[in-house]
Amino acid sequence: KELLQQIFNVPKGVRKSKPFIDHVFAFSYVDGHIWFRNWQILEEPSKQPNTLRPKLRLAEIGPRFVLTPLKMFKGHYGTGGVIYSNPNGLTPTMRATAVKQEKLIQQGKRKVTSLERTAKRIRTIGRERHGIEEDEFNAEVFGGGGGNF
């Protein structure tokens, strides 16, 4: 209760804050995630004069967020055995590492492409300087005799 009060309580004297007491906190577990929503209960006066009960409706006031449970421990603050471990859950560190690795892979692909373009440009310049056709160049460099490798 204290945790929720400290997170969602509106400090006194804050501008644009409206006094109300009735809240509904909704915690739902769907698709391996914990969904949180914060609602305010609003009373609307009844249009019929003989009705004593006001009409109630909910207005979402936020915040709303989604939590992904990664691990649950038997004790507090990570002590004790693991009760639950999410096999599909990624910690923030694992997620950042995956993003960095993806960037390095993309950078490596760009570097290989750049080196291939440079090698092709050098081969073209060499053929033009010496007046060698492509087939002659390949035969001379790759297929020509004169050396035991």
Side-chain angles (χ1 to χ4, degrees), residues 1-128 132-135 137-143 149:
K1 178 181 173 184
E2 184 66 29
L3 174 71
L4 293 175
Q5 280 181 343
Q6 288 183 12
I7 292 174
F8 298 109
N9 209 10
V10 178
K12 289 185 179 182
V14 174
R15 291 178 359 149
K16 297 184 180 180
S17 69
K18 297 178 181 169
F20 58 89
I21 297 172
D22 299 326
H23 288 271
V24 175
F25 290 144
F27 293 92
S28 307
Y29 184 75
V30 180
D31 299 331
H33 300 290
I34 299 171
W35 298 76
F36 176 84
R37 305 209 42 197
N38 186 9
W39 303 84
Q40 176 186 359
I41 300 173
L42 299 174
E43 294 181 9
E44 294 179 348
S46 179
K47 295 180 181 178
Q48 298 176 358
N50 295 338
T51 338
L52 296 175
R53 297 172 76 186
K55 185 177 178 183
L56 300 178
R57 71 179 183 92
L58 295 175
E60 187 174 4
I61 57 173
R64 102 171 103 169
F65 53 87
V66 179
L67 302 170
T68 304
L70 297 177
K71 284 190 180 183
M72 291 183 199
F73 296 97
K74 203 175 228 178
H76 59 281
Y77 298 111
T79 61
V82 176
I83 297 173
Y84 170 79
S85 180
N86 187 350
N88 299 327
L90 291 176
T91 63
T93 305
M94 291 168 62
R95 190 172 290 129
T97 302
V99 168
K100 284 181 185 177
Q101 287 177 348
E102 183 63 31
K103 286 182 181 179
L104 287 174
I105 289 170
Q106 293 298 326
Q107 184 180 7
K109 287 179 182 177
R110 285 192 302 268
K111 187 68 172 176
V112 167
T113 305
S114 172
L115 290 174
E116 287 173 350
R117 273 195 309 258
T118 304
K120 185 176 180 181
R121 200 174 311 129
I122 289 172
R123 283 194 305 269
T124 304
I125 291 171
R127 283 193 304 268
E128 289 173 355
I132 301 174
E133 294 293 323
E134 175 125 13
D135 292 336
F137 180 76
N138 286 337
E140 188 177 312
V141 173
F142 297 110
F149 296 108

A.B. asks: State, to 0.1 Å, how close Gly32 and Pro69 come at their nearest heavy-atom pair, and which atoms those are.
C.D. replies: O-CD, 3.5 Å
A.B. asks: Please name the pair of heavy atoms, one in Ser85 and one in Lys71, separated by the smallest distance, quoted to 0.1 Å.
C.D. replies: OG-CE, 3.8 Å
A.B. asks: Could you tell me which residues satisfy ring-ring contact (aromatic ring centres under 6.0 Å, His included) with Tyr29, sequence neighbours excluded, listed by chain and number?
C.D. replies: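 Result, ring-ring contact (aromatic ring centres under 6.0 Å, His included) vs Tyr29: none returned.
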A.B. asks: Sort and list the pairs that fulfil salt bridge (charged side-chain N to carboxylate O under 4.0 Å, His left out) and have at least one residue in residues 32-43, not counting sequence neighbours.
C.D. replies: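 For residues 32-43: Arg37-Glu60.
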A.B. asks: Relative to each other, are the rings of Phe36 and Phe65 parallel, tilted or perpendicular (30° and 60° limits)?
C.D. replies: parallel
A.B. asks: Do Asn38 side-chain atoms and Ile61 backbone N/O form a donor-acceptor pair below 3.5 Å?
C.D. replies: no
A.B. asks: Could you work out, with side chain to side chain contact (heavy atoms under 4.5 Å, CB included) as the rule, every residue matching Leu58, not counting sequence neighbours?
C.D. replies: Val24, Trp39, Ile41
A.B. asks: Is any side-chain heavy atom of Val82 less than 4.5 Å from a side-chain heavy atom of Phe73?
C.D. replies: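 Heavy-atom side-chain distance check passes, below 4.5 Å.
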A.B. asks: List in chain and number order the residues that pass side chain to side chain contact (heavy atoms under 4.5 Å, CB included) with Ile125, two or more places apart in sequence or in another chain; answer none if no residue qualifies.
C.D. replies: Arg121, Arg129
A.B. asks: Tell me the closest heavy-atom pair linking Leu42 and Ala59, and the distance in Å.
C.D. replies: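 Heavy atoms of Leu42 and Ala59 come nearest at CD1-CB, 3.7 Å.
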A.B. asks: Measuring from atom OG1 of Thr68 to atom NE2 of His33, what distance do you get when rounded to the nearest 0.5 angstrom?
C.D. replies: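 Taking OG1 in Thr68 and NE2 in His33, the distance rounds to 4.5 Å.
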A.B. asks: Any pair with a residue in residues 93-105 that passes side chain to side chain donor-acceptor pair (under 3.5 Å), sequence neighbours left out, goes on the list, sorted by first then second residue, please.
C.D. replies: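 The answer is Glu102-Gln106.
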A.B. asks: Taking only distance into account, with no hydrogens and no angle test, what donor-acceptor pairs under 3.5 Å do side-chain atoms of residues 109-120 form with protein atoms, sequence neighbours excluded?
C.D. replies:
unit_1, atom_1, unit_2, atom_2, d
Thr113, OG1, Lys109, O, 2.9
Thr118, OG1, Ser114, O, 2.9

